[in-house]
Every structure is written in C-alpha cells, then in structure tokens.
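A short worksheet on the structure shown next.
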Amino acid sequence: MSESTATPRTVLLRGGEVHSPADPFATAMVVERGQVAWVGSEGAADAFADGVDEVVDLEGALVTPAFTDAHVHTTATGLALTGLDLSEAPSLAVALGLVRDFAAARPGDRVLLGHGWDAARWPERRPPRRDELDEATGGRPLYLSRIDVHSAVVTTAMLDLVPGARQLAGFEDGADSADSAPLTRDAHHAVRAAALGAVTPAQRAEAQRAALAHAVSLGIGSVHECAGPEISSEDDFTGLLRLAAEEAGPRVVGYWAEQAEEGIAKARSLGAIGAAGDLFVDGALGSHTACLHRPYADADHTGTSYLDAAAVAAHVVACTEAGLQAGFHAIGDAAVTAVVEGVRAAAEKVGLARVRGARHRVEHAEMLTPETIAGFAELGLTASVQPAFDALWGGEDGMYAQRLGAERARTLNPFAALLRTGVPLAFGSDSPVTPLDPWGTVRAAAFHRTPEHRISVRAAFTAHTRGGWRAIGRDEAGVLVPGAPADYAVWRTDELVVQAPDDRVARWSTDPRSGTPGLPDLTPGARLPVCLRTVVGGRTVFVRPEG
C-alpha cells in the first residue's frame, strides 16, 4: 500500500474487507473531501477507478472505523512511554532496580518522574519505602505514581520541594522515612503539581508527540483528553490542543474538570468542550480512596468523598444552562450514588429533557447497582468505562477481591446490564493507568472475568468506535457509511468471525441472512490485529513500515 499525502484526497480502497453497516459484504470504499463517499462491492468499484487521486490495494486487509479512546491523560502517557514505567515490574526488588537505573541514566533531570507500580501484584505486597527510594536515587527528587494515579511514593528530596507536604501527609518532621506511607488526597495533589511543574515545555511536547504517535499506530483516530487543575495544568492542556491542531495525528477532544461557574468559564476559555472528565467525586479502589457504602475488606474505612450530591447538582445545573457537558470521576458505589442523586436533583430544577440532551458523562463508574444503572438510563448519562480494569484487577484473586471481598468484586463493571438498560457506553483506557490497546479493550469486555457482565464483540467494538463520538454528541460519526468522517484504520488480521458474548465463538464467516459484518477473532490467545494504516479526516497519519 502506498502512503497518501497529508492533505485529503479522493481515494479508492479496494480488494479487502470493509466493516460497514451500509453493506456487510463491502470490499471497497471511496473517500472524498475527508468523508466516506461510497462503500460497496469490488465489481462496482471499477466505476470509480478513473476519477480518484489514488487507488489503494488492500490486499485482503480489513478496514474499520478508527477507534476512539474516551479517557486519556496524554502527557502522562507520553512520559510513561519515554520515561520510567513500572507497570510490568514483577516485584518490588525489580522496581527498585529500575528506579536506580533510571536515575543513573537521567543525571540532568531536576525531578525524576515514574509511574505504574502496583504493590497488589508484587510478592512483597507493599510499596517502596521512602528510605529505599532515597537510596535508589542517590537522594534526588522522585515522584512515582501508583498505577491508578491516585497515590504516589516520593523521596525525601521531593517532599522538601513542596512546603507543607509533610503536614498534609501526616508525617512529622524528622519521622523515620522507612515508615512513610504513599501520599493520597491533598498531599498527593500538592506533590504531583510540583513534580509535573518541573517538566519543561520541550519535555512536555516530546511526551505529547510520543503519546499521540503511539495512539495512531494502534488505529486510534480520536482521544478524549481528561484534564483539570488537579491533574495537569492549563499550559499542558492548551499546548496539547494546539499541537493536535498543527500536527498530523489523532483528533484530540478536550475536557477540563473544574466546578460550577468558574469551571465553565475556564473550560470555555481553554477550548474544552465540557467541564467534565476527572472531576473527582472520589478516588480509586487500589489506593483505598474510592468512596464506598460499606468499609473496604482490607481497611477500616469507606474511602474518600470529594463531592456530595448537592455539589454534583450545582455543577450539572450550571453546565446544562451553559450548554456544556458536565462529567464526573466516580468509582465507588457511594460516589456513583451521589452522582445519580445529584443529576436527578439537577433534572428536577432545569428539566429532564435538557439534562438528557446534554449527554453528561460519568468516568469509570465501576461499582454500580441496579438502582444506579436505572438512574443512568433515566438521566441519559454516558458511562465512560475502561474494560482493561477488569482484565487487570478482576477475578477471584485480583485487586478488586482484595479490596472489596469476592462478593462485591463480582459486581464491578457490569457492561451487559448497562447495555440492557440502554445506557450509552464509551470505551477508553485511562492511559497511562492501563495502556492504549483498543483491540485488547474490546477483548476484555467480551471476555469479562465475570461471565454475566460480558457483551458481544460487536457491541464492545461499537462502544470503542461510535460510542466515543456519541459521547461528544456526534451520532453520525464512528461508522463507515456515506457522509461520515473518513476516520478509519486498515488491519492485518486473521479470518473474520461472528462472536457471541461468552466463550462460545461461532467459527464461520458472516451469515448472509444476518447482515452483520464480521470482526477479528478476539478469543483469549488469538492474535490481535496489526494496524497497517490510520487515516483521520481523510489524511493519512500513520503507515506501518514494511518488513
């Protein structure tokens, strides 16, 4: 396949498999002026061959809509890609060795940054102590976020850079650094701001380019950047939007998580489409900061509440009246309940139709009950969820079971119940919490560790393509039909199949009576598709090198 130019051209793709509801057996597609102009059969494609700028021979490859990752932290993703990533470290000892090597390799960094440790997966079952990190870094400032990014371990020198950090963390001056626990809540926010503030504009742009380039290499055509004053910075956010507008890559849709009137004004001034994303109602299960109705199984408290139902209601009313999306980070069952109660109170004030029409969002929404699921459907809330969380932390022996006990853990991430009730789903990664991995995400939803929560591959694929577009109010996009944006990916894959939402997979090509396009075999152990080309708005933004 030859690479097209950077400007939209009229292109005929032929000789492959085109995943389109307009024609389940399409083998060709025409793209014109950045939109899909036609899909159909190989024989009919001959009529277009002389009137296009380029003909692409697919050589049997599969063409699908490009994926949308509906929850990304772009700069943090890039820093993990280009820096210290501990997500694959099998033990505390290995992690400390990686810290030591990283510090030695980066003598000029004012602050060392790392991400991804997860003590729940290590045989030692504990995070690094401050004295261990002091030794590994030679006493330099280090910020090392847990995999969920809701807590962090740091060196003594890092604490020294942040006035009041010890008091916020509950550490006494001169306390034994071997006894220091990970930072959470206000202490974590203060230290994270200082650590990220040490990143230079050049380092930040390098990280953003690395993340966006990695995204398009995986067939991701759009990302939803979930930013905010407690997550990144205004300069980080506006720099990312500017970079995405000026350079070839995925579309970047920006959310700015700040409350009520001030947050609405700030979101608009920064170019965000909503005062939404990670507006924290609670924290995360792994850090014991998700807000629960009943205490954790392995801790004697119920987590952390940042916003109550009244604050949620005020924010939703303000956003609805301003014509902007509201959205909240809510993981624990008490946090999700607060969101539903708050949005319902807002609907009573401004009208249910207006609230539903705004398509407000809830990020993560892991601990749902039948009542809160029904509330999502009633209020038109989009569930922006991350199936890879279950793949990483679900199961009888996973982190969820450690934190909640097996019974409560089995209720998490109930995708099938959400779909049955009519709740819109938008899939994402929360990268760098879990990696950008769209086909792996679809697989995780279709083969959920709790069988009753599984959904079909087709439904999961839709949630990771069209679902992200619907979440921003674009119902016509994320699907390859005439008039839709020409955001698509070309894949090398094995035979296409029709797959059920459990381990029984139909090993046949699409039944012509069903009118259902096939998708790659995603059963555990099967090879995932390889992205050959990614096109956004008719412009080629990635071509895999040959060989």
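Just so it is clear, the structure is predicted and the values come from calculations on it, not from any experiment. When a residue number appears, it is its place in the shown sequence, counting from 1.
Between Leu522 and Phe447 the shortest heavy-atom distance is O-CE1, 3.5 Å. Considering every non-hydrogen atom in both Ala198 and Val111, the closest pair reads CB-CG2, 3.6 Å. Minimum heavy-atom separation, Ala136 to Ala103: O-CB, 4.1 Å. Annotation for Thr68 and Gly468: closest pair CG2-CA, 3.7 Å, computed over non-hydrogen atoms. Closest approach of Lys266 and Ser269 over heavy atoms only: O-OG, 2.9 Å. In this structure, Val541 and Gly249 approach most closely via the heavy-atom pair CG1-N, 3.5 Å.
Looking at Val223, Asp437, Thr77, Thr434 one by one, the single match for side-chain contact (heavy atoms from CB on, under 4.5 Å) with Ser429 turns out to be Thr434.
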Step-by-step side-chain contact (heavy atoms from CB on, under 4.5 Å) determination, Val252 to Leu212
CA-CA 9 Å; Val252 177; Leu212 297 179; 4.0 Å; yes
Carefully, step by step, assess Trp469 and Asp487 under the rule side-chain hydrogen bond (donor to acceptor under 3.5 Å, both in side chains).
CA-CA 11 Å; Trp469 284 93; Asp487 289 24; 5.0 Å; no
Does the pair His329 and Val281 meet the rule for a side-chain contact (heavy atoms from CB on, under 4.5 Å), with working shown?
CA-CA 6 Å; His329 163 120; Val281 178; 5.9 Å; no
Show, in sequence, the C-alpha distance, side-chain angles and deciding distance for Ile220 and Leu436, and conclude whether the side-chain contact (heavy atoms from CB on, under 4.5 Å) test is met.
CA-CA 9 Å; Ile220 297 171; Leu436 299 171; 4.1 Å; yes
Walk me through whether Gln203 and Thr82 qualify under side-chain contact (heavy atoms from CB on, under 4.5 Å).
CA-CA 10 Å; Gln203 287 174 314; Thr82 60; over 6 Å; no
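To the nearest 0.5 Å, the span separating CD on Glu32 from CG on Asp53 amounts to 9.0 Å. Atom CD1 of Ile472 and atom CG of Asp475 lie 10.0 Å apart (nearest 0.5 Å). Atom CZ of Arg443 sits about 7.0 Å away from atom OG1 of Thr523, to the nearest 0.5 Å. Once rounded to the nearest 0.5 Å, the distance linking CG of Leu324 with CD1 of Ile273 reads 9.0 Å. Taking CG from Leu279 and CD from Gln259, the interatomic distance works out to 5.5 Å, rounded to the nearest 0.5 Å. To the nearest 0.5 Å, the span separating CG on Asp278 from NE2 on His73 amounts to 4.5 Å.
For the pair His224 and Val72, the minimum side-chain heavy-atom distance is 4.5 Å or more. Considering only heavy atoms from C-beta on, Pro182 comes within 4.5 Å of Val153 through its side chain. Between Thr441 and Asp69 the shortest side-chain heavy-atom distance does not fall below 4.5 Å. The shortest side-chain heavy-atom distance between Leu480 and Val18 falls under the 4.5 Å cut-off. Leu368 is listed as a side-chain neighbour of Phe376, based on a closest heavy-atom distance under 4.5 Å. In this structure, Leu112 and Leu84 have side chains that are not in contact, with every pair of non-hydrogen atoms separated by 4.5 Å or more. Within the 4.5 Å cutoff, the side chain of Ser20 has no heavy atoms near those of the Val479 side chain. Residues Met158 and Leu133 are not in side-chain contact: their nearest non-hydrogen atoms beyond the backbone lie 4.5 Å or more apart.
Judged by distance alone, the side chain of Asp118 and the main-chain N or O of Ile147 form no donor-acceptor pair under 3.5 Å. Arg126 contributes no side-chain N or O that, together with a main-chain N or O of Ala119, makes up a donor-acceptor pair within less than 3.5 Å. Of the possible donor and acceptor atoms, one in the side chain of Gln208 sits under 3.5 Å from a partner among the backbone N and O of Asp236. Of the possible polar contacts, one joining the Arg544 side chain to the Cys531 backbone as a donor-acceptor pair under 3.5 Å is found. Here the side chain of Arg359 pairs no donor or acceptor atom with the backbone of Thr382 at under 3.5 angstrom.
Neither side chain, His150 nor His188, offers a donor N or O lying under 3.5 Å from an acceptor on the other. Side-chain contact, Ser145 with His115: a donor N or O sits under 3.5 Å from an acceptor N or O.
When the side chain to side chain contact (heavy atoms under 4.5 Å, CB included) test is applied to Ala157, the partners found at least two apart in sequence or on another chain are Pro141, Thr155. The side chain to side chain contact (heavy atoms under 4.5 Å, CB included) check on Tyr306 picks up Arg185, His189, Phe280, Thr304, with sequence neighbours excluded. Take Arg33 and apply the salt bridge (Lys or Arg N to Asp or Glu O under 4.0 Å) test, not counting sequence neighbours, and it matches no residue. In terms of the side chain to side chain donor-acceptor pair (under 3.5 Å) criterion, Ser222 has no residue partners (sequence neighbours excluded). Here Trp491 pairs with Phe67, Trp439 under the ring pair (Phe, Tyr, Trp, His ring centres under 6.0 Å) rule; sequence neighbours left out. In terms of the salt bridge (Lys or Arg N to Asp or Glu O under 4.0 Å) criterion, residue partners of Arg527 (sequence neighbours excluded) are, by chain and number, Asp494. His288 pairs by the ring pair (Phe, Tyr, Trp, His ring centres under 6.0 Å) definition with Tyr296, not counting sequence neighbours. When the side chain to side chain contact (heavy atoms under 4.5 Å, CB included) test is applied to Asn413, the partners found at least two apart in sequence or on another chain are Glu366, Asp390, Tyr400, Phe415, His448. For Ser384, the side chain to side chain contact (heavy atoms under 4.5 Å, CB included) criterion is met by Ala70, His71, Arg361, Glu363, Gln386, not counting sequence neighbours.
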Got a list of side-chain donor-acceptor pairs under 3.5 Å for residues 237-245, not counting sequence neighbours?
{"from": "Thr238", "atom 1": "OG1", "to": "Glu234", "atom 2": "O", "distance (Å)": "3.0"}
{"from": "Thr238", "atom 1": "OG1", "to": "Asp235", "atom 2": "O", "distance (Å)": "3.4"}

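For Glu124, the CD atom sits in a packed shell: over 12 heavy atoms of surrounding residues, nucleotides or ligands are nearer than 6.0 Å.
Applying the salt bridge (charged side-chain N to carboxylate O under 4.0 Å, His left out) definition to pairs two or more places apart or across chains, none involves residues 86-97. The side chain to side chain donor-acceptor pair (under 3.5 Å) contacts involving residues 93-114 comprise Arg100-Glu135, Arg106-Asp109, where partners must be two or more places apart or lie in separate chains.
In summary, Arg204 and Glu206 do not engage in a salt bridge, as defined by a charged side-chain N under 4.0 Å from a carboxylate O.
Ring pair Trp122/Trp117 is tilted by interplanar angle, where 30° to 60° counts as tilted.
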